[in-house]
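A quick write-up on the structure given underneath.
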Amino acid sequence: MLYDNLGVNDQGHLTVGGLDTVALAEEFGAPLYVLDEDQVRANCRTYRQAMAEWMPGGSLPLFAGKALCFKGLYPVLEEEGMGADVVSPGEIYTALAGGFPAEKLYFHGNNKTDEDIAYALDCGVGCFIVDNHQELERLEQAAGARSHRQRVLLRVTPGIDPHTLQAINTGRIDCQFGVPIETGQAAQFVADALSRPHLQVEGFHSHIGSQIFEAAPFCDAVDILLDFAHAMRQAHGFVARTLNLGGGFGVRYRESDPTVDIPGNIRALADHLRRGCETKGYPMPRVLLEPGRSIVANAGLTLYRVGGVKTIAGYRSYVTVNGGMTDNPRYALYQAPYTVLPASRMGETRDFLCTVAGRCCESGDLIQEKVSLPQPARDDLLAVLTTGAYNFTMASNYNRLCRPALVMVRGGKARLAVRRQTFADLVACDL
Ligand SMILES: *Cc1c(COP(=O)(O)O)cnc(C)c1O
């Protein structure tokens with residue numbers, strides 16, 4: 001099994017967190033997002049404990065809400081001592097509705113509108129991660145109008161390519177996020193920020209990409225950031241108290257993916273940073289990390305009901321399910337790999353090679369190709385593993401399909417956390 005929280009029971013059904021997936025689909029319907037809350041908590045603790053052990057006081061993991069965002073998740077994050085990243089007023093609203101403290105929110109985004117800025121200030125968001133000059137100027141004005149001094153981090157791009165998918169790669173110079181160090185623009189950005197009376201610059205942020213399996217690319221980023229921080233100290237006497245290194249540790253989508261040693265990587269990163277600071281005589285900053293995927297991906301799976309099987313002689317077989325790119329657009333977007341299991345028939349030989357397709361009117365609506373299943377039949381239950389990140393949050397109502405429910409599993413019990421959409425929901429905004 002890809003993860004320890006999965007198993008097979010006497011009936012040959014896949015279990016998650018000790019619960020029978022077939023029973024879950026019967027009770028809550030399919031398609032269904034299932035999230036193992038115990039696994040989410042364990043993942044939070046892995047980060048919290050390793051950062052507390054190896055990094056300076058005040059270091060903290062911030063959960064990146066773009067990976068998964070609904071009200072019921074935020075009390076869990078709060079109880080586990082996490083901070084949280086938000087990228088829109090909608091994510092801020094959701095976090096606050098879930099009872100999360102505004103003070104522990106970090107507000108991202110490369111185009112925060114004036115309304116977004118006003119909303120976040122009025123909510124008391126703890127820290128803005130400022131992406132560009134225009135935002136700096138508007139934030140200064142808006143904070144000034146409220147006689148408020150806003151804590152900020154400045155997003156810079158170190159120009160690192162961690163060799164991942166182009167679409168989820170943001171540390172390179174040529175991208176729309178942050179201000180590049182290499183061109184000298186980041187130095188001007190810092191000078192500008194330090195001159196603003198209503199902004200309290202705490203340090204720097206960089207995010208180099210996603211699905212990174214070792215510490216080395218983060219260490220490269222640290223080297224570049226420390227050189228930059230050192231230069232800014234010499235130029236302005238400014239000392240960064242906080243270094244936010246972004247998110248991006250990888251997760252296993254398939255058996256062939258490597259496992260990631262998160263505590264080991266955090267320790268290696270901390271050691272590297274400490275050595276770098278000692279060499280430069282720079283005070284060791286506290287560290288923020290922004291894991292999204294590695295907190296929730298392996299805690300989630302999606303259950304689908306099989307509709308039909310179509311074999312085209314000499315080509316391939318398609319198995320259609322009652323969901324698709326509307327609940328998981330990641331294969332359609334960039335051929336993201338997933339493991340698909342025959343949840344209701346785990347004991348049988350998997351000798352039927354097929355493509356699992358969704359139900360949307362779009363030939364690109366595939367969940368996965370080259371999947372091995374027992375010869376499928378209508379009403380079989382399939383499980384797509386590792387869908388806890390970037391599925392629920394990327395879902396749409398294309399073809400006016402209702403979004404699935406989301407069920408949280410904890411201590412062998414399941415509870416509905418997000419109800420399935422109804423047809424009435426679909427027309428709720430239509431006048
Ligand atoms: C996407 C993103 C994250 C989270 O990345 P994961 O790969 O999900 O850990 C964190 N910070 C920023 C700025 C991001 O863009």
Side-chain angles (χ1 to χ4, degrees), residues 35 39-40 43-44 46-48 50-51 60-69 73 77 82-88 91-92 95 104-112 125 127-132 135 152-158 160-172 175-180 203-215 217-218 221 225 242-253 257-258 260 262 265-266 269 287-300 328 330 333-334 336-337 386-394:
L35 187 72
Q39 185 68 52
V40 173
N43 294 341
C44 291
T46 298
Y47 274 94
R48 285 267 291 143
M51 291 181 77
L60 194 69
L62 316 174
F63 173 69
K66 69 175 184 183
L68 185 62
C69 189
L73 183 62
L77 298 171
M82 303 284 288
D85 269 10
V86 285
V87 297
S88 70
E91 286 191 4
I92 295 172
K104 289 177 82 179
L105 293 178
Y106 288 72
F107 189 22
H108 267 284
N110 65 329
N111 182 10
K112 303 181 186 78
V125 161
C127 186
F128 276 61
I129 291 151
V130 181
D131 183 89
N132 54 67
E135 180 188 338
V152 300
L153 293 173
L154 304 177
R155 179 162 182 170
V156 296
T157 41
I160 286 181
D161 186 338
H163 306 295
T164 56
L165 293 171
Q166 186 88 353
I168 50 175
N169 183 339
T170 51
R172 290 165 304 121
C175 84
Q176 71 269 51
F177 305 107
V179 183
F204 306 114
H205 171 280
S206 89
H207 173 77
I208 52 173
S210 261
Q211 259 317 65
I212 301 169
F213 287 89
E214 71 277 317
F218 288 103
L225 287 172
T242 301
L243 220 48
N244 184 332
L245 299 174
F249 279 124
V251 299
R252 298 181 76 205
Y253 286 98
D257 289 336
V260 190
I262 288 173
N265 282 327
I266 286 175
L269 190 55
V287 177
L288 300 176
L289 296 176
E290 304 175 325
R293 188 190 310 266
S294 52
I295 298 290
V296 290
N298 71 349
N328 181 1
R330 294 189 68 249
L333 277 173
Y334 35 67
T386 333
T387 58
Y390 305 108
N391 274 233
F392 179 86
T393 49
M394 292 176 101

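We count ligands from 1, going down the list as the structure has it; atoms in each ligand are counted the same way. Nothing fancy with the numbering, it's 1 onward along the sequence.
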Which ligand 1 atoms, with their elements, are less than 4.0 angstrom from a heavy-atom of [X]?
X	value
G248	5 (O), 6 (P), 7 (O), 9 (O)
E290	3 (C), 4 (C), 9 (O), 10 (C), 11 (N), 12 (C), 13 (C)
Y390	1 (C), 4 (C), 5 (O), 6 (P), 8 (O)
P291	9 (O)
S210	5 (O), 6 (P), 7 (O)
G247	9 (O), 10 (C), 11 (N)

Would you say the side-chain atoms of [X] and [Y] include a donor-acceptor pair closer than 3.5 Å?
X	Y	value
N265	E214	no
N328	N391	yes
N110	N132	no

How long is the span from the CD atom in E290 to the CG atom in N244, to the nearest 0.5 Å?
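Reported value, rounded in 0.5 Å steps: 4.0 Å.
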Any N or O on [X] sitting closer than 3.5 Å to an N or O of ligand 1?
X	answer
R293	yes
H108	no
G246	no

Discussion item. Going by side chain to side chain contact (heavy atoms under 4.5 Å, CB included), name the residues that satisfy it together with C69, two or more places apart in sequence or in a different chain.
Written reply: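 Counting only residues at least two positions away or on another chain, C69 forms a side chain to side chain contact (heavy atoms under 4.5 Å, CB included) with Y74, E91, T94, T393.
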Can the ring centres of H108 and H207 be said to be less than 6.0 Å apart? no
- [ ] Apply salt bridge (charged side-chain N to carboxylate O under 4.0 Å, His left out) to E135 and list each qualifying residue two or more places apart in sequence or on a separate chain.
- [x]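 Scan of E135 (salt bridge (charged side-chain N to carboxylate O under 4.0 Å, His left out), adjacent residues dropped) gives K112.
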message = Going by the closest heavy atom to atom 2 (C) of ligand 1, which one wins out of Q211, R155, K66?
response =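 That would be K66.
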